[in-house]
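This one's a predicted model, so the numbers in the text were calculated from it and none came from an experiment.
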Amino acid sequence: MTGLHPHQAGIGSFAYPKPHKGMSPAYTGHLLPSTVTLAELLGDAGYSTWMVGKWHMGYPGPIARGFQNYFGFKDMLAHSENQWEPSLYTRLPKGTEPELKYDEGGFFATDVFTDYTLEFLKQARRKKDKPWFLYLAHSAPHFPVQAPIKTIDKYMPTFRKGWDILREARFERQKKLGLVDADAVLPPRSQVPVDRDDIANGYSGKQNPAWSTLPADRREDLARRGATFAAMVEHVDLGVGRVIADLEKNGELDNTLILFTSDNGACYEWGPFGFDGTSRLGKTTLHTGAALRNIGQAGTHHSYGSGWANLGNTPLTKYKHFCHEGGISSPMIVHWPAFFATRAAGQKSRILGYPGHIMDVVPTVLDATGAGYPRERQGNAITPLEGGSLLPAIEGKELPVRSLAFEHQKARALRKGDWKIVLGKRQPEEIRWELYHLKTDRFEQHNVAAQHPEIVQNLVAEWEAWAKKVGADPYAVKKKPQPANGQVKGKRGRKGKVE
């Protein structure tokens with residue numbers, strides 16, 4: 001939404017109702033006044049602006065930050081909700097049409113998001129003097145995994161095969177599609193993150209178990225979770241198809257820039273068996289009989305666990321919450337036939353290996369639309385853009401090498417060219433930077449930090465400089481001001497010493 005690193009925008013970790021006391025502005029928990037959103041930029045340029053789905057950027061919400069119309073979560077801090085409960089969702093501004101109506105039990109948020117998207121497009125076309133910008137932000141397939149039971153049933157035969165067979169099959173499809181090298185080797189199953197045994201299901205720091213080693217009732221429980229997740233993805237996919245068909249029907253598809261991506265890699269929470277309840281207070285349960293079939297229905301809350309997350313991240317390492325490729329690497333699909341025909345040598349499709357970043361979205365859209373980026377807006381100085389347009393890369397131009405830095409909940413990374421340093425979520429005394437050469441080791445299987453200490457040193461220095469610049473952890477805690485004479489104030493103990 002801003003063209004900045006999350007820390008520069010004020011949401012270095014999560015959305016919060018109030019800023020964390022003593023922390024830098026990077027962890028304010030909502031968009032800072034020094035940011036300008038894509039909706040504000042395009043609104044200023046004469047576009048009508050529409051949003052459907054997940055805001056999750058704190059208060060005051062999308063209407064105050066440039067969107068003229070919104071349907072989505074009622075709670076602006078929400079990132080996942082019960083898909084079946086209409087009272088959790090809202091249309092803004094209040095009293096604005098349409099307010100779509102659904103029969104009892106007929107509300108399923110992922111499908112409703114598509115309905116509102118199509119309705120918003122219909123309204124946008126009535127404003128014939130204005131181009132439109134629409135942001136569709138699905139909460140699916142975030143937990144709780146929920147989907148219509150018929151769609152879940154369809155995927156049960158597939159997921160009963162287990163994650164080992166499915167990982168191998170997916171890896172072979174990736175080779176045929178050219179997403180990975182033909183001679184690439186599938187890495188072993190990823191480790192379960194180190195955590196309490198009840199959270200990690202007894203596999204803390206161990207490899208995800210082989211599917212064949214699990215009891216039959218546990219495999220059936222897991223298959224239902226995996227099938228529910230897949231069903232959620234299908235409803236997103238079908239919804240996107242409805243939107244594409246609508247654009248084509250109205251003669252807009254060729255000259256509409258579409259960017260489609262995901263916010264992170266697959267999520268391991270908690271261990272290989274997932275959890276039930278909420279991620280903080282829940283527990284892992286083995287479901288059988290009617291309870292098994294009820295997974296994904298109204299009033300339930302489940303995750304799918306690290307085994308299926310490892311499948312979802314095939315063939316990358318680790319998961320969401322980590323800065324390894326399995327946590328931060330997501331594909332992006334760019335669709336704009338009118339541009340490809342004139343400026344990309346007429347190529348209909350190709351795979352680019354250029355490492356883009358989510359902060360590149362705003363500059364890319366500004367490049368496409370000709371909209372400007374201000375130094376100041378509504379009396380606030382605006383942080384300069386950090387991202388860059390991806391359109392030159394799509395045209396086939398070679399872009400300069402840049403450093404991309406990351407920090408998420410104490411996990412860290414920096415990529416520069418083919419080199420990447422990364423460290424996981426460990427205690428400070430255990431921190432050891434890892435080094436990978438991504439051109440030859442895209443799956444981060446061979447840590448070569450010991451062989452190239454000078455490269456590690458240089459990249460760590462870059463990461464440290466970036467972290468200080470944006471106020472990222474460990475440079476997020478504001479130091480208490482010291483007295484002018486340099487003395488430290490404190491409680492006096494015996495002999496007048498400062499304790």
Side-chain angles (χ1 to χ4, degrees), residues 1-14 23-29 31-32 34-35 57 261-265 316-332 353-364 383-390 393 399-426 428 431-439 441-442 444 447-449 452-478:
M1 277 292 105
T2 65
L4 305 173
H5 278 287
H7 301 76
Q8 293 173 301
I11 314 178
S13 180
F14 218 61
M23 299 292 276
S24 75
Y27 299 90
T28 299
L31 295 178
L32 296 171
S34 55
T35 64
M57 287 179 275
T261 191
S262 175
D263 59 349
N264 44 247
L316 305 178
T317 302
K318 297 288 177 70
Y319 322 86
K320 173 187 174 181
H321 296 299
F322 290 84
C323 289
H324 291 76
E325 293 295 276
I328 63 174
S329 181
S330 299
M332 174 180 277
Y354 178 74
H357 190 284
I358 200 69
M359 65 184 176
D360 297 334
V361 169
V362 168
T364 300
T383 304
L385 284 169
E386 279 291 338
S389 174
L390 298 174
L399 300 184
V401 173
R402 61 177 173 172
S403 297
L404 295 175
F406 307 86
E407 186 277 326
H408 181 66
Q409 298 180 352
K410 300 186 184 301
R412 307 168 192 171
L414 183 136
R415 174 174 179 166
K416 187 173 187 179
D418 293 326
W419 289 107
K420 178 184 175 184
I421 54 168
V422 61
L423 57 83
K425 301 173 69 171
R426 302 172 180 170
I431 286 178
R432 296 290 185 275
W433 285 96
E434 302 164 11
L435 176 68
Y436 299 98
H437 188 255
L438 295 183
K439 186 173 182 179
D441 185 20
R442 179 75 172 84
E444 296 174 316
N447 176 14
V448 294
H452 301 283
E454 73 290 346
I455 295 177
V456 174
Q457 184 179 6
N458 291 337
L459 295 183
V460 169
E462 277 202 50
W463 187 91
E464 295 276 352
W466 169 82
K468 290 175 182 177
K469 171 187 172 183
V470 302
D473 187 278
Y475 303 102
V477 180
K478 292 181 180 178

Exercise. Should we count CD of Gln409 as having more than 12 external heavy atoms under 6.0 Å?
Worked result: yes
For this session: Would you check, one step at a time, whether the test side-chain contact (heavy atoms from CB on, under 4.5 Å) holds for Leu414 with Trp433?
Result: CA-CA 10 Å; Leu414 183 136; Trp433 285 96; 5.8 Å; no
Exercise. Taking the inter-plane angle between the rings of His321 and His408 on a 0 to 90° scale, is it parallel (under 30°), tilted (30 to 60°) or perpendicular (over 60°)?
Worked result: parallel
Problem set entry | Matching residue for Phe406 among His7, His357, His5 - test: ring-ring contact (aromatic ring centres under 6.0 Å, His included) | His357
Taking all heavy atoms of [X] and all of [Y], pick out the closest pair and write down the distance.
X      : Y      : result
Ala413 : Trp463 : O-CD1, 3.2 Å
Pro474 : Arg412 : CD-NH2, 3.8 Å
Ala9   : Thr2   : CB-OG1, 3.9 Å
Leu316 : Ser329 : CD1-CB, 3.9 Å
Lys410 : Leu423 : O-CD1, 3.8 Å
Ser389 : Pro363 : N-CB, 3.6 Å

Exercise. Yes or no on side-chain contact (heavy atoms from CB on, under 4.5 Å) for Met332 and Val361, after CA distance, side-chain angles and deciding distance?
Worked result: CA-CA 10 Å; Met332 174 180 277; Val361 169; 3.8 Å; yes
For this session: Show your working on side-chain contact (heavy atoms from CB on, under 4.5 Å) between Tyr27 and Asp473 and close with a plain yes or no.
Result: CA-CA 9 Å; Tyr27 299 90; Asp473 187 278; 3.6 Å; yes
Once rounded to the nearest 0.5 Å, what's the spacing between atom [atom1] of [X] and atom [atom2] of [Y]?
X      : Y      : atom1 : atom2 : answer
Leu438 : Lys416 : CG    : NZ    : 14.5 Å
Lys320 : Asp263 : NZ    : CG    : 6.5 Å
Arg415 : Arg402 : CZ    : CZ    : 10.0 Å

Exercise. Does a donor on one side chain and an acceptor on the other come within less than 3.5 Å for Gln8 and Thr383?
Worked result: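 There is no such pair (donor and acceptor under 3.5 Å, judged by atom type) between the side chains of Gln8 and Thr383.
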How about [X] and [Y]: do any of their side-chain heavy atoms sit closer than 4.5 Å?
X      : Y      : result
Leu404 : Met359 : yes
Trp419 : Val401 : no
Asn447 : Arg432 : no
Leu435 : Leu459 : yes

Main-chain N/O of [Y] paired with [X] side-chain donor or acceptor, under 3.5 Å:
X      : Y      : result
Asp360 : Gly388 : yes
Asn458 : Ile455 : no
Asn264 : Ile328 : no
Arg442 : Glu444 : no
Ser330 : Thr261 : no

Exercise. Would Cys323 and Glu407 satisfy side-chain contact (heavy atoms from CB on, under 4.5 Å), going step by step from the backbone distance to the final call?
Worked result: CA-CA 7 Å; Cys323 289; Glu407 186 277 326; 5.9 Å; no
For this session: Could you point out which residue of Glu325, His437, His324 forms a side chain to side chain donor-acceptor pair (under 3.5 Å) with Lys420?
Result: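 Single side chain to side chain donor-acceptor pair (under 3.5 Å) partner of Lys420 among Glu325, His437, His324: Glu325.
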